[in-house]
J.: 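So that we are looking at the same thing, I have put the structure below in structure tokens.
Proteins get letters first, then strands, A, B, ... in listed order; numbering begins at 1 in each.
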Amino acid sequence: MTKKKIEQILATLESRYGQEQCGLDFKSPFELLIATILSAQCTDVRVNIVTKDLFENYKTPEAILLLGEEALLTKIKTCGLARTKAKNIILTCHRLLIEYNGTVPDQMEQLLTLPGVGRKTANVVMSNAFNIPAIAVDTHVFRVSRRIGLAQGKNVLEVEKELMKNIPKDKWSQAHHWLIWHGRKCCTARNPNCSGCMLRSLCNFGRGNNKEA
DNA sequence: AACTCGGGGCA
DNA sequence: TGCCCAGAGTT
């Protein structure tokens, strides 16, 4: 895949999805951690609405614990899986307070032990809060990247490397969201809308011998 | 790798 | 109604 083709793909995605609100608003590693836990199975748009209100008055582990699980639940209700998330956030706040003096750890292994924090959340916190270069590869990013040839790797880690190599660093965050939007709206897992895809002239998937890498 | 949990959206 | 997730946790 040539550099020019990669640029064309990114430019096309941007023209289509550049207007969509994407990305989580955050002012501190703690806010980003909580917002990312909330974003499971839920769009950034909705998370931003909820956290804008929540972080107005509750932006530290202490404050969240003072608020309590039931009140927290009420505030995050619209994010889905709210009971589980509320429980995990309370547990995580306890852990942060006791084990990390109220701060967010900057090591992958430490983040992964926190309740409600999995591969993706840890990755997002590492890359955005602590500036460790990374692109979080979720199912959409994985599928779409391989189909359009932006990343030819076999597994998640290899695809992540390919993306980091092929996408200019200042576009990582945006490109991540464009790929997700495209995966949801067009390049779906089943019955992808190849005929209506704005990338069809640049993409070999959907022209007979479909292969995702 | 294959499951379960989980609740709001959307057809 | 029924089907689908911009995950996490467990087996």
J.: Just by distance, no angles: are the side chains of A:Y17 and A:H182 close enough, under 3.5 Å, to form a donor-acceptor pair?
T.: yes

J.: Which part of the nucleic acid, if any, lies within reach of A:T121 when heavy atoms closer than 4.0 Å are counted: base, sugar-phosphate only, or nothing?
T.: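 Counting heavy atoms under 4.0 Å across all strands, the contact made by A:T121 is with sugar-phosphate only.
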
J.: Would you please confirm or rule out a distance under 4.0 Å between OP1 or OP2 of C:dC4 and any side-chain N or O of A:R190?
T.: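 Affirmative; the distance criterion is met.
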
J.: Without decimals, in angstroms, what is the distance between A:H182 NE2 and C:dC5 P?
T.: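 In whole Å, C:dC5 P lies 15 Å from A:H182 NE2.
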
J.: Nearest nucleotide by nearest heavy atom, which residue falls closer to the 5' end of DNA chain C, A:G116 or A:V45?
T.: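 Its nearest nucleotide lies further toward 5', so the answer is A:V45.
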
J.: Nearest-Å distance, CZ (A:R184) to P (B:dC10)?
T.: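 Interatomic distance, CZ of A:R184 to P of B:dC10: 9 Å.
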
J.: Given C:dG7, C:dA6, B:dG7, identify the nucleotide with an atom nearest to the side chain of A:H140.
T.: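 The closest nucleotide is C:dA6.
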
J.: Would you call A:E70 and A:R83 a salt bridge, taking side-chain N to carboxylate O under 4.0 Å as the test?
T.: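 A salt bridge is present here (some side-chain N lies under 4.0 Å from a carboxylate O).
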
J.: Rounded to the nearest angstrom, tell me the gap between atom NZ in A:K185 and atom C1' in B:dG9.
T.: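 So the two atoms are 13 Å apart, to the nearest Å.
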
J.: Starting at the 5' end of DNA chain C and moving along, which residue's nearest nucleotide shows up first, A:L112 or A:S39?
T.: A:S39

J.: Of all the nucleotides listed (C:dA6, B:dG9, B:dG6), which has the minimum atom distance to the side chain of A:L81?
T.: B:dG6

J.: If I pick the C1' atom on B:dA1 and the same atom on C:dA6, what distance separates them, to the nearest angstrom?
T.: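 C:dA6 and B:dA1 have their C1' atoms separated by 22 Å.
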
J.: Expressed in angstrom and rounded to an integer, what is the separation of A:K85 atom NZ from C:dA8 atom P?
T.: 10 Å

J.: Is it true that A:T113 and A:R95 share a donor-acceptor pair across their side chains at a distance under 3.5 Å?
T.: yes

J.: Identify whether the distance between the nearest side-chain nitrogen and carboxylate oxygen of A:D53 and A:K75 falls below 4.0 Å.
T.: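 Yes, A:D53 and A:K75 are salt-bridged.
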
J.: Under 4.0 Å between any heavy atoms, over every strand shown, what does A:D44 touch: base, sugar-phosphate, or nothing? Just pick one.
T.: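 The residue A:D44 makes base contact.
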
J.: What's the CG-C1' distance between A:L91 and C:dG9, to the nearest Å?
T.: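 Atom-to-atom, A:L91 to C:dG9, this comes out as 13 Å.
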
J.: Tell me the interatomic distance from A:R143, atom CZ, to C:dC4, atom P, rounded to whole angstroms.
T.: 13 Å

J.: When the P atoms of C:dC3 and B:dT4 are considered, how many whole Å apart are they?
T.: 16 Å

J.: Quick one: label A:R119 by what it contacts on the DNA or RNA (base, sugar-phosphate, nothing), any heavy atom closer than 4.0 Å.
T.: sugar-phosphate

J.: Please report the distance, rounded to the nearest Å, between NZ in A:K77 and P in B:dG8.
T.: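 Between P of B:dG8 and NZ of A:K77: 9 Å.
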
J.: Rounded to whole Å, please give me the gap between CG in A:L32 and P in C:dA6.
T.: 19 Å

J.: A:V141 near the nucleic acid: base, sugar-phosphate alone, or nothing, with a heavy-atom cut-off under 4.0 Å?
T.: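 Counting heavy atoms under 4.0 Å across all strands, no contact is made by A:V141.
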
J.: Has the side chain of A:T12 got a donor or acceptor atom that lies under 3.5 Å from a matching backbone atom of A:L199?
T.: no

J.: Mind checking if A:H177 touches a base, just sugar-phosphate, or nothing, with heavy atoms under 4.0 Å?
T.: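 Base contact.
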
